[in-house]
Number of protein chains: 2
Amino acid sequence: MSIGTKVFKPAASAQAPDMGGLAAILGANGMSGHAESRAGGRVSGFPAAGAVFAFERNQAIFSDGDPVRSFYKVTSGSVRLCKLFADGRRQIAGFCFPGEYFGLAWQGSEYALTAEAMSETTVVRFPQHCLADLDRSSAGFRSHLVSLLCGELSLAQNHLLMLGRQTVKERVATFLLMMLDRRGQDRRDSVMLDLHMGRQDIADYLGLTIETVCRTISDLKRAGILGVPGPREILVKNIRLLQATANGEA
Amino acid sequence: MSIGTKVFKPAASAQAPDMGGLAAILGANGMSGHAESRAGGRVSGFPAAGAVFAFERNQAIFSDGDPVRSFYKVTSGSVRLCKLFADGRRQIAGFCFPGEYFGLAWQGSEYALTAEAMSETTVVRFPQHCLADLDRSSAGFRSHLVSLLCGELSLAQNHLLMLGRQTVKERVATFLLMMLDRRGQDRRDSVMLDLHMGRQDIADYLGLTIETVCRTISDLKRAGILGVPGPREILVKNIRLLQATANGEA
DNA sequence: CGGTTAATTGAAATATATCAACCGGTGTGG
DNA sequence: CCACACCGGTTGATATATTTCAATTAACCG
């Protein structure tokens with residue numbers, strides 16, 4: 001159903017430490033990520049250093065069941081957070097793009113999700129104790145973290161509704177609009193959207209097959225709603241119709 | 001696709017205040033509920049009083065979009081947390097049973113989910129400021145809350161996997177096992193499971209139709225895995241096979 | 001410019017939804 | 001106490017959406 005992830009060695013190359021990246025951990029913009037997950041924006045600064053690591057496309061950053069020792073920030077590239085079945089079935093719970101954090105799965109001692117690079121990706125890794133320290137010391141920190149988690153949860157609930165009750169057209173249109181918003185792009189016509197991911201990733205996020213995603217995008221293209229200049233790019237030609245499609249008015 | 005919820009007036013009858021119910025808010029057992037949501041177990045006590053309210057079957061306790069003013073504890077009956085489309089489609093994100101809390105959607109100012117009684121239900125309502133107060137004063141409180149939210153999130157992610165990538169049989173079997181665990185019931189044969197909900201609620205949790213749920217339960221019955229003594233009861237006759245079914249080994 | 005990978009399209013198979021009838025308990029009124 | 005109506009659950013037949021399998025085309029890379 002889905003492509004087995006090639007598991008490369010985490011032969012990531014350590015680089016110069018990244019100072020102050022954590023300053024932004026409390027984005028609290030409620031827009032992004034996943035619990036186990038991402039967080040954009042910036043908030044109360046705090047001192048921290050992390051090592052830079054590089055990952056190749058499809059390389060695992062951490063896996064479901066690994067002990068939690070660190071959390072991460074994407075500096076370039078993109079990351080998917082997913083669950084895998086032994087037989088290869090895969091469900092993507094969310095994506096992380098540059099500036100976003102992931103791996104905040106600290107409640108337990110093990111990650112509950114797998115994080116994989118979707119393209120050549122660099123991340124900054126922070127030791128878990130940074131979070132714990134901050135949690136103890138900063139007054140506003142934890143409440144930011146809480147609202148962040150609430151935001152994640154809300155996103156997950158919308159994703160549930162999508163997988164459980166939306167049609168294929170609604171899902172694909174909703175996905176595209178979501179990606180537009182994520183980039184902070186205007187909801188105008190003729191906006192170019194870089195997906196930064198292949199069809200399989202879209203399919204695994206939407207709970208569909210790659211062929212169904214293709215066909216649906218082609219349908220939208222034929223309807224004049226989209227253009228597809230390249231495999232990972234979408235030109236939004238009629239956002240009004242795209243929104244109508246997302247709302248089942250098509 | 002799903003039954004429109006009859007919206008009764010919240011003509012709930014206020015009763016004697018419930019003291020100390022909040023003592024248990026930090027169950028932190030990580031087993032239950034939904035962010036917007038439930039929390040069982042018990043932890044650091046703290047003083048709080050709430051009024052008791054009663055709701056009839058299918059009556060809304062709060063709705064998606066309502067301003068957040070309170071959170072709740074189920075004292076009897078059961079509650080579903082769901083998202084609704086204008087056309088009647090419904091996705092249930094989770095259930096709450098006696099002892100569990102819900103409505104902890106405090107990050108925003110509006111509920112992101114609708115809470116409805118699934119049967120005659122009584123709840124204790126606490127003003128939102130109780131949470132805020134606790135959050136400020138209690139050292140361990142917020143961290144409990146955080147781990148609770150992480151647990152909710154993890155549950156939601158498993159639910160995503162279920163809706164996106166599991167077959168119907170896997171979903172139904174997984175659901176039944178989940179309900180067993182929820183009751184703290186042993187995973188033994190010949191355990192009687194009270195569902196406390198109708199087929200439509202199961203269907204809306206699993207992203208299926210009521211007929212498909214029926215047929216699948218009948219299949220499991222025919223396979224000797226279950227007995228169905230009453231519409232809302234399941235007799236688990238062969239838990240081993242039920243687990244195998246949940247894991248796709250059938 | 002070949003060779004490899006990803007994307008697209010087509011045709012057939014299949015799972016699930018839809019539509020419709022039937023069943024069984026429960027409660028009410030005669 | 002029985003008859004009937006009501007509601008939820010079950011089953012059957014058919015329609016349909018989506019997957020699966022297979023082939024083709026397009027993009028990417030050395």
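Note on naming: letters A, B, ... go to the chains in the order of the sequence lines (proteins, then strands), and numbering restarts at 1 for each one. As the structure is a computational prediction, the values presented were derived from the model and not from experiment.
Listed by chain and number, the residues in a side-chain contact (heavy atoms from CB on, under 4.5 Å) with A:Q166 are A:M162, A:E170, A:R171, A:T174, B:F85 (sequence neighbours excluded). The salt bridge (charged side-chain N to carboxylate O under 4.0 Å, His left out) check on B:D189 picks up nothing, with sequence neighbours excluded. For A:D186, the salt bridge (charged side-chain N to carboxylate O under 4.0 Å, His left out) partners at least two apart in sequence or on another chain are A:R188. Contacts of A:K221 classified as side-chain contact (heavy atoms from CB on, under 4.5 Å), with partners at least two apart in sequence or in another chain: A:V228. Applying the side-chain contact (heavy atoms from CB on, under 4.5 Å) criterion to A:Q243, with sequence neighbours excluded, gives A:L177, A:R187, A:I239, A:R240.
As rounded to whole Å, 9 Å separates atom P of D:dT20 from atom CZ of B:R165. The CZ-P distance, from B:R57 to D:dC7, rounds to 12 Å in whole Å. Rounded to whole angstrom, the span from the CG atom of B:L208 across to the C1' atom of D:dA17 amounts to 15 Å. One can place NZ of A:K169 at 10 Å from P of D:dT18, the figure rounded to the nearest angstrom. As a whole-Å value, the separation of A:M197 CE from C:dT5 P is 22 Å. Here the P atom of nucleotide D:dC7 and the CD atom of B:Q200 are 15 Å apart, to the nearest Å. Rounded to an integer number of Å, the gap from CD of B:E233 to P of C:dG25 is 13 Å. The distance from atom CG of B:L206 to atom C1' of C:dT16 is 14 Å, rounded to the nearest whole Å.
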Nucleotide N/O to protein N/O under 3.5 Å, stretch nucleotides 10-12 of chain D:
| unit_1 | atom_1 | unit_2 | atom_2 | d |
| --- | --- | --- | --- | --- |
| D:dT10 | OP1 | B:R199 | NH2 | 3.3 |
| D:dT10 | OP2 | B:R199 | NE | 2.6 |
| D:dT10 | OP2 | B:R199 | NH2 | 3.3 |
| D:dT11 | OP2 | B:S218 | OG | 2.3 |
| D:dG12 | N7 | B:R215 | NH1 | 2.8 |
| D:dG12 | O6 | B:R215 | NH2 | 3.2 |

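Listed by first and then second residue, the ring-ring contact (aromatic ring centres under 6.0 Å, His included) pairs involving residues 161-181 of chain B are B:F175-B:Y205 (not counting sequence neighbours). Applying the ring-ring contact (aromatic ring centres under 6.0 Å, His included) test to every pair with at least one member in residues 217-250 of chain A, sequence neighbours left out, gives no pairs at all.
Looking at B:D201 and B:R80, a side-chain N of the basic residue comes within less than 4.0 Å of a carboxylate O on the acidic one, giving a salt bridge.
A rotation axis mapping the C1' atoms of four pairs onto the next four is fitted at both ends of the helix from C:dC1-D:dG30 to C:dG30-D:dC1 over five pairs, and the angle between these axes is 30° to 10 degrees.
Between the side chain of B:T216 and the backbone N or O of B:K169 there is no donor-acceptor pair closer than 3.5 Å.
For A:P229 and A:G207, each mapped to the nucleotide of DNA chain D holding its nearest heavy atom, the one lying further toward the 5' end belongs to A:G207. Nearest-nucleotide positions on DNA chain D place B:R232 closer to the 5' end than the other of A:Q166 and B:R232.
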